[in-house]
Amino acid sequence: ADIVPVGADQKQHLEITRDIAERFNARYSPTFTVPQPYISKSGGKIMSLANPLVKMSKSDENINAYISLDDDADTIVRKFRRSVTDSDSEIKASKGKAGITNLLTIYCSFTGKSIQQAEKEFEGKNYGEFKSAVAQSVIEKIIPIQKKKKEILSDKQYIEQILEKGKKQAAEIAYRTLQKVYKKIGFYS
């Protein structure tokens, strides 16, 4: 891949791939693509709903700390209602307001709005209204994904066809690349 979408905290995982590709290409000749990370300007790192000082993780023991793609609308609303905010009532992003900044980031990631637009939209509103709006923005994007997932998973034959097709394509590409690598490092003459 030329470009790989990653979160800000996952960039280092891509770096090892880049290092290996660059070293091989420099030593033997261009063979591997050196992938570039793509980090979204908004939402590159989403923090926990329960502790906005640590990143959101599906492996968190607290199920209220993250949103799952399988969460229903009521669960999403409940999790956002319980999300950690700050002691004052102003909906504004800043270093001292990790909870609100996190919710603004999530809202903007799902609506495409800038932080400044969102701050203006919620000026004078309370945290409850804001949290409901964040939840609704997430629900509007997740529900169609859930419906499509359910539709695809219900068609086992379709899944098997896609897996088989992907397996063949991947094997062909991997074989060609591996043959180039073997030839360049001297396994074949």
Side-chain angles (χ1 to χ4, degrees), residues 1-22 34-150 153:
D2 295 323
I3 299 172
V4 180
V6 293
D9 58 327
Q10 298 296 313
K11 186 178 175 189
Q12 75 273 10
H13 298 299
L14 187 60
E15 290 302 320
I16 191 166
T17 304
R18 292 174 46 77
D19 289 346
I20 292 167
E22 286 171 347
V34 179
Q36 297 297 320
Y38 172 77
I39 301 172
S40 175
K41 290 179 182 166
S42 176
K45 188 172 185 181
I46 302 295
M47 308 309 279
S48 166
L49 297 177
N51 179 1
L53 299 177
V54 299
K55 75 179 190 90
M56 186 180 284
S57 173
K58 66 181 181 208
S59 60
D60 196 311
E61 289 179 11
N62 181 351
I63 62 168
N64 293 310
Y66 62 91
I67 301 295
S68 168
L69 286 175
D70 292 326
D71 285 345
D72 62 32
D74 291 338
T75 301
I76 292 169
V77 168
R78 182 179 40 75
K79 286 181 178 184
F80 277 109
R81 273 195 203 130
R82 292 179 178 177
S83 65
V84 171
T85 51
D86 310 294
S87 57
D88 69 12
S89 60
E90 187 178 31
I91 300 168
K92 200 152 193 68
S94 71
K95 287 189 184 225
K97 296 176 61 82
I100 288 298
T101 300
N102 186 43
L103 293 177
L104 280 165
T105 300
I106 294 168
Y107 181 74
C108 292
S109 296
F110 279 88
T111 63
K113 295 178 181 179
S114 70
I115 295 286
Q116 294 77 20
Q117 288 171 320
E119 287 173 339
K120 188 173 174 88
E121 179 181 345
F122 294 103
E123 194 173 338
K125 295 192 177 164
N126 65 44
Y127 282 174
E129 292 173 278
F130 174 57
K131 288 179 176 184
S132 291
V134 176
Q136 288 308 310
S137 71
V138 172
I139 290 166
E140 287 175 14
K141 299 288 185 188
I142 286 182
I143 297 301
I145 293 169
Q146 290 175 346
K147 286 180 181 175
K148 188 67 175 177
K149 176 185 171 186
K150 186 176 180 181
L153 289 177

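- With sequence neighbours excluded, the residues satisfying side-chain contact (heavy atoms from CB on, under 4.5 Å) with P35 are V4, L14, T17, R18.
- Within the 4.5 Å cutoff, no side-chain heavy atoms of V34 are placed close to those of D2.
- A search for ring-ring contact (aromatic ring centres under 6.0 Å, His included) contacts involving F110 returns nothing, not counting sequence neighbours.
- Atom CZ of R78 is separated from atom CG of N64 by 5.0 Å, given to the nearest 0.5 angstrom.
- Within the 4.5 Å cutoff, the side chain of Q117 has heavy atoms near those of the S114 side chain.
- Residues meeting the side chain to side chain donor-acceptor pair (under 3.5 Å) test with D71, sequence neighbours left out: K79.
- Contacts of K149 classified as side chain to side chain donor-acceptor pair (under 3.5 Å), with partners at least two apart in sequence or in another chain: D70.
- In this structure, the side chain of D86 engages the main chain of I100 through a donor-acceptor pair within 3.5 Å.
- Looking at K131, its side chain does come within 3.5 Å of a backbone N or O of S83 through a donor-acceptor pair.
- Residues I142 and I67 meet the side-chain proximity criterion, which asks for heavy atoms closer than 4.5 Å.
- Interatomic distance, CD1 of I91 versus NZ of K120, reported as 14.5 Å (0.5 Å rounding).
- For K55, the salt bridge (charged side-chain N to carboxylate O under 4.0 Å, His left out) test picks out D9, with sequence neighbours left out.
- Within the structure, the side-chain hydrogen bond (donor to acceptor under 3.5 Å, both in side chains) test picks out the following pairs touching residues 88-99 (sequence neighbours left out): D88-K97, D88-Y127, K97-Y127.
- Take K150 and apply the salt bridge (charged side-chain N to carboxylate O under 4.0 Å, His left out) test, not counting sequence neighbours, and it matches no residue.
- Residue pairs meeting the side-chain hydrogen bond (donor to acceptor under 3.5 Å, both in side chains) criterion with at least one member in residues 133-145, sequence neighbours excluded, do not occur.
- Every residue two or more places apart in sequence or in another chain was checked for a ring-ring contact (aromatic ring centres under 6.0 Å, His included) with F80, and none qualifies.
- With sequence neighbours excluded, the residues satisfying salt bridge (charged side-chain N to carboxylate O under 4.0 Å, His left out) with E121 are K113.
- Taking all atoms of both residues into account, the shortest heavy-atom contact from A98 to L53 is CB-CD2, 3.8 Å.
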Problem set entry | Evaluation steps, side-chain contact (heavy atoms from CB on, under 4.5 Å), between Q146 and L69 | CA-CA 7 Å; Q146 290 175 346; L69 286 175; 5.7 Å; no
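- Between N62 and A50, the shortest heavy-atom contact is ND2-CB, 3.4 Å.
- With sequence neighbours excluded, the residues forming a side chain to side chain donor-acceptor pair (under 3.5 Å) with Q10 are H13, listed by chain and number.
- Counting only heavy atoms from C-beta outward, the side chains of F130 and T85 never approach each other to under 4.5 Å.
- More than 12 heavy atoms of other shown residues, nucleotides or ligands fall within 6.0 angstrom of atom CG in L153.
- For the residue pair K11 and V6, the shortest heavy atom distance occurs at CA-CG2, 4.3 Å.
- Rounded to the nearest 0.5 angstrom, Y107 OH and N102 CG are separated by 15.5 Å.
- No side-chain N or O of S57 forms a donor-acceptor pair with one of D60 less than 3.5 Å apart.
- In the displayed structure, Q12 atom CD is contacted under 6.0 Å by more than 12 heavy atoms of other residues, nucleotides or ligands.
- Contact annotation: the side chain of V77 approaches that of I139 to within less than 4.5 Å [non-hydrogen atoms, C-beta and beyond].
- When the side chain to side chain donor-acceptor pair (under 3.5 Å) test is applied to S87, no partner is found at least two apart in sequence or on another chain.
- The side-chain heavy atoms of V84 and L49, taken from C-beta on, include no pair separated by under 4.5 Å.
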